[in-house]
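Predicted model only: the values in this text are computed from it and were never measured.
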Amino acid sequence: MKQVRVTAESKSKLILDEDAQKGDWIDLTEINSVDTSLIEKALAAGADKVYQEKLKAAQTEAELKSQKEKSDLLSQIEKLKSQAASSLALKERELENDYNKTISGLQAKIAAFEDGKKLAVAEALAKKESEISELKQKNSSMQSQSQLEIQKIQSEKDLEIQKLSNELENANNKARLSEDSLKQNYESQLKAKDEQIAYYKDLKAKMSTKMIGESLEVHCMTSFEQFLRPVMPNAYFEKDNAVSKSSGSKGDFIFRDKEDGFEYISIMFEMKNEADETASKHSNESFFKELDKDRREKNCEYAVLVSLLEKDSELYNGGIVDVSHKYKKMYVIRPQFFIPLITLLCNAAKNSLQYQRQLEAAKNQSIDITNFENELMDFKESFGRNYRLASEKFKTAIKEIDNTITHLQKIKEALLGSEDNLRIANGKADDLSIKRLTRKNPTMTQKFAQLKKSSKPSAPGLPTADDSEDKDLPQNGGGLFD
C-alpha cells in the first residue's frame, strides 16, 4: 500500500495524480484547494447517520429482550396459575401470597429492566455524543491543519512568484542593457561603415581623376599598411622583385601570412591602370595568363588582378569577379575591394587551416612512407642480389656434392663387387679338401693310400680312409677353383 497524490479540481471532484490500487490511501492534508465545508458537512451527516443507526439498533434490541422476558414471565404466571389451581385449598392463600410476591418481584424486575434499558440508552447516547464530539474535534483539527497547509502553500507560492518577478525584472534589465550595448555597437559600426563609404566615395572620386598624386600600387600599399598591418603585424606584403627566368616577367606584390609557423595563405597581386587618353586600351583578360604563370612560379595560392581597366564594364564594376573557371584561384577587383578581398581570403583560409595542417602532415607521412618504401626496395634489391649470388654458389656446391656422391657411389659399387668376389673365393676355400686335391691325380692318391696302410697314425689334418667319399666333391670333374 502507498500514499496516492490527488488534486481537488472542484468541490465534488478529486483527480488522481498517479496510478492507484486497492488499499492505497490519501492524505487529506496534502490535497491542494480542499473545500473544508464539504468535509464538515460530510462528517456531520455521517455522525448523525451512525448515531441514528446505533440508537435504532439499541431500541430494537431492548424491545426484543423486553418481549422475550414478558413472554417468559407470562409463561411462568400461567404455570403458577395451573399449579395454584391444582394445589390444595389450604394452601390457596399461601399460593396466592406467593403469587402476589412473585408478581411483585416480576414487576420489580420489569421496572428494573426498564430502568436498565433507559440507562443503556442513556449510555449509548452519551457514547454517541462523545464520538460526535471527538469527530468534531478531529474535523476542527483537520480543518486547522488544512488551513495551515494552505497558508504554507500560499506563502511558498507568493515567495516563488516574488522570486520569478525578481528574475524577470533582472532579465528585463539585462535585456535593456544588452539592447543598449547592441545599439551602441551597431551605431559605432554604422558610423564606421559611413566613414568607410565616405572613404570609398572619395577614393572613387580620386579614381575618376586617375588617382592624382599617387599610383595604384602606392594606393594599395598605403591601404594595406593603414588597415591590415595593425591586425596582421607579421604578414609579408612586399613588391615582387624576382624576375622569372623562363618568362622574364614578375608580379607587382606578394602577400603571405603564417600562423604558428605554418603559411596558410599566399596571394600574387598585379596592379593595372591606364589614363583615359591612352590610345591603346587593354582588357583585363589579356593579363590573366601572365598573372597565372607568375603565381605558379612564385608558389602562391591565389592570384588577384587589381585593375582600373574597362571602367565602363558592369561585370568588373559590380564587385569581386571570380575567374577561376579560366585560371585556377584567380580574382579581378577594383581598388576599393582590395582590403575586403584579403580579409575574405584570410578568413576562409583560417577556417581550413586545420585541414591544411592535416594535409601537410599527410604529405609528410606520404613522403616518409615513400622514403621507407624506397629504402625497403633498395634493401630488397640488395638482398635479392646477394641471395641470387649465394643461391648460385649453393647450387654449384650442391652440384659438386652430387658429383662427389656419384663418384663415391661408383667406388661403393666397386667395393661391393670386390666383396662378392672375396666371399665367393672364401666359399671355395672353405670347400677345399685333400680328396678334391687328389682327384684325377693317381700319384697323390697312391701316396695317401700307402700312408693310410702304414702303422703310423695319421698326421693331423690328413684325410683318413673314410675321407674317400665323393659326396662333397663336384661331379663334373672340374679343377680346384671351378
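- The aromatic rings of Tyr327 and Phe288 sit perpendicular to each other, their planes meeting at more than 60°, with 30° as the lower class boundary.
- Gln336 and Pro340 get closest at one heavy-atom pair: O-CD, 3.7 Å.
- Contact record, Met268 with Lys298: CE-CG, 3.4 Å, taken as the closest heavy-atom pair.
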Can you check side-chain contact (heavy atoms from CB on, under 4.5 Å) on Lys272 and Leu305, steps first, answer last?
CA-CA 7 Å; Lys272 294 298 176 183; Leu305 177 63; 3.7 Å; yes
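- What you find for Ser266 and Arg256 is that their closest heavy atoms are CB-NH1, 3.5 Å.
- For the side chain to side chain contact (heavy atoms under 4.5 Å, CB included) with Phe253, the qualifying choice from Glu270, Glu238, Met221 is Met221, the only one to do so.
- Under the 4.0 Å criterion applied to side-chain N and carboxylate O atoms, Asp115 and Lys118 are not assigned as salt-bridge partners.
- Counting all heavy atoms, side chain and backbone alike, Pro230 lies closest to Glu225 at CD-O, 3.7 Å.
- Across every non-hydrogen atom of Tyr302 and Arg295, the tightest pair is C-CD, 3.5 Å.
- Of the residues Phe269, Phe255, Phe227, the one that meets the ring-ring contact (aromatic ring centres under 6.0 Å, His included) test with Phe338 is Phe269.
- Closest non-hydrogen pair, Leu216 versus Val306, comes out as CD2-O, 3.6 Å.
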side-chain contact (heavy atoms from CB on, under 4.5 Å) assessment of Leu228 paired with Phe237:
CA-CA 10 Å; Leu228 292 182; Phe237 184 72; over 6 Å; no
